[in-house]
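The first residue in the sequence is number 1, and the count goes up from there.
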Amino acid sequence: QVQLVESGGGLVQAGGSLRLSCTASGDTICITDMGWYRQAQGKERELVALVTSGGSINYADSVKGRFTISRDDVKNTVDLQMDSLTPEDTAVYYCYGAPRPWGICVIRGDYWGQGTQVTVSS
């Protein structure tokens, strides 16, 4: 099936930048949309940015103008450039992949990475 592996998390000061990377492997043909979610302690997981199968990009209002998502279909990667970070961005960030509506792809549901911690100090 599909495996997603994130990297690039860490500790930064407010106003700093960080770049997250996610690499997909396995049955990558099963992936349509790709993007990033995050979950702060005690809060629900929320969408940060998404690149749809048609190439459209969606951002959460809270990160518009600060975060930039990019996708490389050849390398099977999706990156998230995070600038002007604030303590409110502190969360575990998860790479996400949506399965194609084919039986071989949807058996296990949505694809998720293990998550990478991003901590922004004030």
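Tracing side-chain contacts under 4.5 Å through hydrophobic residues (I, L, V, M, F, W, Y), one never reaches Leu47 starting from Val51; they form parts of separate clusters. Following chains of ILVMFWY side-chain contacts shorter than 4.5 Å, one cannot reach Val92 starting from Val12, and the two form parts of different hydrophobic clusters. Linking Ile, Leu, Val, Met, Phe, Trp and Tyr residues whenever their side-chain heavy atoms come within less than 4.5 Å leaves Tyr111 and Leu50 in two separate clusters.
Atom CH2 of Trp102 sits about 13.5 Å away from atom CD1 of Ile107, to the nearest 0.5 Å. Put simply, CZ on Arg66 and OG on Ser84 are 7.0 Å apart, with the number rounded to the nearest 0.5 Å. Distance check, rounded to the nearest 0.5 Å: NZ of Lys75 to CG of Asp73 gives 12.5 Å. With rounding to the nearest 0.5 angstrom, the OG1 atom of Thr23 is 12.0 Å from the CD atom of Gln3.
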### Query
Given Asp89 and Arg38, is the side-chain contact (heavy atoms from CB on, under 4.5 Å) satisfied, shown in steps?
CA-CA 9 Å; Asp89 296 315; Arg38 68 185 181 187; 2.9 Å; yes

### Task
Please report the C-alpha distance between Thr52 and Thr32 in whole Å, then the side-chain angles of each, then the deciding distance to 0.1 Å, and finally whether the side-chain contact (heavy atoms from CB on, under 4.5 Å) criterion is met.
CA-CA 7 Å; Thr52 70; Thr32 56; over 6 Å; no

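Applying the 6.0 Å contact sphere to CD of Gln114 captures no more than 12 heavy atoms from other residues, nucleotides or ligands. Crowding of Ile104 atom CD1: a count of heavy atoms from other residues, nucleotides or ligands under 6.0 Å not exceeding 12.
Side-chain polar atoms of Arg19 and Gln81 form a donor-acceptor pair below 3.5 angstrom. Checking Asp83 against Ser17 by side-chain atom types alone, a donor-acceptor pair falls below 3.5 Å. Side-chain contact of Arg45 with Tyr37: a donor-acceptor pair under 3.5 Å is absent, judged by distance alone. Counted by atom type alone, Ser21 and Asp79 present one or more donor-acceptor pairs between their side chains at under 3.5 Å.
At least one side-chain heavy atom of Leu85 sits less than 4.5 Å from a side-chain heavy atom of Leu18. The closest side-chain heavy-atom distance from Ile57 to Ile69 is below 4.5 Å. Contact check for Gln117 versus Tyr93: no side-chain heavy atoms found under the 4.5 Å cut-off. Looking at heavy atoms from C-beta onward, Thr28 lies out of side-chain contact with Val2 at the 4.5 angstrom threshold. Using a 4.5 Å heavy-atom cutoff, the side chains of Pro99 and Asp110 are in contact. Side-chain contact between Met82 and Val118 is present, with at least one heavy-atom pair separated by less than 4.5 Å. Using a 4.5 Å cut-off on side-chain heavy atoms (C-beta onward), Val78 and Cys95 make contact. For the pair Gln39 and Glu44, the minimum side-chain heavy-atom distance is 4.5 Å or more.
The minimum heavy-atom distance between Pro87 and Ser122, with the atom names listed, is CG-CB, 3.9 Å.
A ring-centre distance under 6.0 Å is not found for Phe67 and Trp36.
In this structure, Asp72 has no salt bridge (Lys or Arg N to Asp or Glu O under 4.0 Å) partners at least two apart in sequence or on a different chain.
In this pair, Trp112 and Tyr96 present their aromatic rings tilted. The plane angle is within the 30 to 60° band.
Put simply, the side chain of Ser53 never gets that close to the backbone of Asp33: no donor and acceptor are under 3.5 Å apart. Using a distance-only test at 3.5 Å, with no hydrogens or angles considered, a donor-acceptor pair links the side chain of Arg100 to the main chain of Ile29.
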